[in-house]
Amino acid sequence: MEKLIKNDLLNESYYEIDHPSGLKIFVMEKPDYSGTFAMFGTKYGSVDTCFRIKGEKNYTSVPEGIAHFLEHKLFESEELDAFERFAKTGANANAFTSFDRTCYIFRCADNFNENLEILLDFVKAPYFTEETVQKEQGIIGQEIRMYQDDPDWQVLFNLLRGLYHNNPVRIDIAGTIESIAEINAELLYSCYNTFYNLSNMALAVAGNVKKEDVLRIADRVLKKEEPVFFEQIIPEEPEAVKEKYIEENLGVDMPKFAIGFKENHKSPVRTAKETLLCNLALDVIAGKVSPLYGEMLSEGLINSNFGKEYFIGRGFAAKLFMGESNEPEKVHKKIIDEIERLQKSGISDEDFDVSLKRLYGAEVNSFNDVDDLANSLVDCYFNGYGLFDNVELYKTITKEDIEKAIRDFDTENCCLSVIK
Amino acid sequence: MNIKQICEGVRLCTHKTTQFKTSVVTLNIITPLDGKASEKALLTFLLGRTNKDFPTVTQMNRKLASLYGASLTPAVMKIGEAQVLSLTLTSIDERFSLRGEKILSEGVSLLLSCLFTPDITPDGFKEENLEREKRLLMEKIDSEHDDKRVYSFGRMIEEMCRDEMYGIERLGKKEKISALSGKEIFEAWKDILFTCPIQINVTGNFDEAEIESTVKAAFSSLKRKKEDIIEVRTEFLTESYSSDLVTEVQKVKQGKLVIGMRAGMTYEFDNFPAIKVMTAIFGSGTFSKLFMNVREKMSLCYYCSARLINNKGLIVVESGVETENAMKALEAIRHELDEVRKGSFTDEIIESAKLSLTDMYKSVMDSVGSIDSWFTMNCLSGEFRAPVEYAELISNVSREEIIIAANMVTEDTVFILESEKEAE
């Protein structure tokens, strides 16, 4: 089955294809670009540490960091590894693992067909041995250490450990030196066979490409796979945060903070509208045009590295404010006071207009680079909505919607993480 | 890509296209990297935050928001021995505005007014703005120091180029910044208006004639004189005269190793294609000798890579390693460079390096941000080339040229950030 999905406002379109192999494929043809970007991803990330295949009795628990480890190992093969194959085409290939997905990507100006063939082929051809697993432990060990020295990363993960009791979003994406030592070839195959089934994956291609070329290569490389059904287990999570305050001393010159408001999670993923409303609410509260931002800046409480984010993924959602400050407790209090003030007073028409225009502009700007487009196609699909849903939603949002989103902030259920 | 001289020392670089939904305009002021680095860095952030028409941060941000969330970003870069002060305005293409507003022309006027009409009194920049920007700049310096990779790179350059202008930090020094007065910044502002080459980059969908006349009108009233304009010249040392090993201990989990080398260049495009390909074979990309051997075979690190800084003729290798393995990694890196010098590399790796570089050059035109950076990175060059021209030069490099280029490289300074031994 194949659909052409168009948007008149942006003057963009893409194909959504149900490939006979079981894979969902998206193609966005952009003939005025010289390059093409492809992303082949699976809905599998660091939070998937416990699962059960349908029909099996037992749950499988795997070491922390295994999704990321698998990502590294997939590049290897019995003959030429994937990097060596891409070296012959000139493509720039890479991969990443997040909380709830793992993606393999390349960007190229030439030899697209060959590159796509390599991408589909290497991701579908796992090759793990005890020897190669051991070698990777050294490299990933260094990656873990590198992040331990990164205060921006540490302030976020400390916050997550403060917000959550059990949800695996609290563990480091790469795991720990100890947890990765438990990984072996057998465990890697077990995760691979569960999560790298084509029915759990998506391919998105954007750029100077023809849909027919993508499909021809997919037809050739991908074999039909029967779907694997499984449960991804997310442990019960108490509503309240685990800690209200977490501090770590890394001897930084500029202290970092992260403030998180935990959301009670009823559904596994947020809808496009819920996400957009929360982002608008965050912008009204502490965006660059908000009175709070101006005040904190002039009082010397924040600097140019202040930001906010609706932090969401499969099984978790929190509103975050992050930045650098010599007085993080004051920032914390000011943000809470401002949310509570807005919850009572509501917002002005002007505030509503300004934030709506700002975020609409950002949405339009996100339709530029082929990398971003392919990435968004996969992301939206995994979250259950379409690429153009957001831009259309702007027409329907009201001031009352944002006021409600602000009222949904639970100012009691919050944690402050500080790196000094 | 179009380059035009529009008045004394002012160059307009434009790339008109409807490919993107965003337009970007950057104003680059090209100043010599010198003893006034702190003044000029502070000035940049003052100019980019507020102006006479929008004197508070919130007023300026509201104005930008009304232009569909346009952003105005001040930045300071080191390009060769130039300290480039830049203000960048990014906005959506007005084809996508909901009520047909003119966005880009308003944005350009806003950008020019930031340069020409800052919020000043006869005594110079206002105390309130000065204090805010001093704090923000000093915190930015602190924050960059907290990134150990950036810090180690900066320390290596500081050591290696301590007798060259290139050793000066682009954001200035905290001690100096904290003591600056509004009057001193005012003088720095006057100075750049009359003596510095300026390059304006415009990328996106716009009316070329309109942009040109707006910019021309803004600059013509200044009446800049040719003899006042200071062209920046970068000193190139073709070889290393001393090789130092500098170590520093900090409370970190992972150590850092940074090696500075002289590439043997006498100006920024001297033998550029061969040196670029050679550096790629040595250490840029997953096909390179450093990646294949030091990371993949020896498993010593997560990253180990080399890059060419052609504006100063340097090659810099960076790696994150355990302190106990630092010397082993250093030896391994030296060994790989020797292998390139001896010509012990395959034809396949040459091909991979060329393909990867040409692919990269061809991709520059696919992003409004990378086109804008391309203009900026070439702001010192009299001879301007489009990215695709480099792709061609790269493809013609021979094995012999690569070996010659590798033999021109001399190691200079090694900086190692060691992790403090944990108490038992």
Side-chain angles (χ1 to χ4, degrees), chain A residues 9-10 32-35 83-84 86-93 107-111 135-140 142-143 145-146 148-151 207 250-254 256 287-291 293-294 297-298 300 303-305 324 354-355 357-362 364-365 367-370, chain B residues 17 19-22 56-58 61-62 64-70 90-93 96 98 128 132 135-136 139-140 142-143 145-148 250-254 285-287 291 295-296 299-303 320-322 348-349 351-352 354-356 358-360 362-363 365-368:
Chain A
L9 188 66
L10 295 166
D32 46 356
Y33 282 66
S34 51
F83 281 132
E84 290 171 293
F86 281 119
K88 292 187 190 300
T89 67
N92 186 351
R107 175 184 233 298
C108 67
D110 297 314
N111 307 317
K135 187 205 81 181
E136 208 66 25
Q137 280 160 349
I139 296 172
I140 295 178
Q142 285 310 310
E143 189 179 356
R145 287 226 179 266
M146 180 177 85
Q148 285 172 342
D149 286 330
D150 181 344
L250 286 181
V252 292
D253 289 337
M254 193 60 224
K256 326 272 167 197
K288 280 194 165 171
V289 288
S290 66
Y293 181 90
L297 196 69
S298 66
N303 62 29
S304 324
N305 288 334
E324 301 174 337
V354 162
S355 285
K357 253 188 167 179
R358 250 167 69 84
L359 267 70
Y360 169 78
V364 172
N365 281 336
F367 281 83
N368 272 328
D369 294 354
V370 289
Chain B
T17 172
Q19 192 180 344
F20 308 111
K21 295 186 169 51
T22 306
T56 70
V57 175
T58 304
N61 285 341
R62 289 227 158 212
L64 291 163
S66 76
L67 298 173
Y68 290 88
T90 307
S91 59
I92 63 166
D93 186 324
F96 302 101
L98 295 169
E128 183 195 345
R132 181 189 61 238
R135 174 181 72 85
L136 291 174
E139 292 190 3
K140 191 177 174 64
D142 280 343
S143 182
H145 276 189
D146 289 335
D147 182 330
K148 296 307 167 198
Q250 280 193 18
K251 205 184 130 194
V252 289
K253 300 277 191 316
Q254 182 187 66
T286 50
F287 51 82
F291 186 90
R295 172 180 145 134
E296 292 292 305
S299 221
L300 279 176
C301 49
Y302 172 62
Y303 69 91
V321 287
E322 292 284 307
E348 281 81 38
I349 198 172
E351 209 40 42
S352 295
K354 286 184 181 178
L355 279 170
S356 140
T358 51
D359 210 284
M360 189 189 77
K362 285 179 184 171
S363 301
M365 302 308 284
D366 274 355
S367 133
V368 57

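Lettering follows sequence order; numbering is per chain, from 1.
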Do B:Phe20 and A:Phe367 have ring centroids that are under 6.0 Å from one another? no
For B:Lys148 and B:Gln250, test the side chains for any donor-to-acceptor distance below 3.5 angstrom and give the result as yes or no. yes
If you count the non-hydrogen atoms of other residues, nucleotides and ligands that lie under 6.0 Å from NZ in B:Lys354, is the total more than 12? yes
Okay, B:Arg135 and chain A: the region with an atom under 4.5 Å from a heavy atom over there is side chain
Using heavy-atom distances under 4.5 Å, tell me whether A:Glu84 contacts chain B through its side chain, its backbone, both, or neither. side chain
With a 4.5 angstrom heavy-atom cut-off, could you sort out which part of A:Leu359 is near chain B: side chain, backbone, both or neither? neither
Flag the pair A:Gln142 / B:Gln254 as yes when at least one side-chain heavy-atom distance between them is below 4.5 Å, and no otherwise. yes
Partners passing salt bridge (Lys or Arg N to Asp or Glu O under 4.0 Å) against B:Asp93 (at least two apart in sequence or in another chain): B:Arg95
Proximity breakdown for B:Thr56 and chain A, heavy-atom pairs closer than 4.5 Å: neither
Could you pull out all residues at least two apart from A:Lys256 that satisfy side chain to side chain contact (heavy atoms under 4.5 Å, CB included)? A:Pro151, A:Asp152, A:Val155, A:Met254, A:Glu324, A:Ile419, B:Ser143, B:Asp146
Please classify the contact between B:Leu300 and chain A as side chain, backbone, both or neither, with a heavy-atom cut-off of under 4.5 Å. backbone
Part of A:Asn92 lying under 4.5 Å from any heavy atom of chain B: neither
Per-residue contact mode, A:Asp150 against chain B (heavy atom under 4.5 angstrom): neither
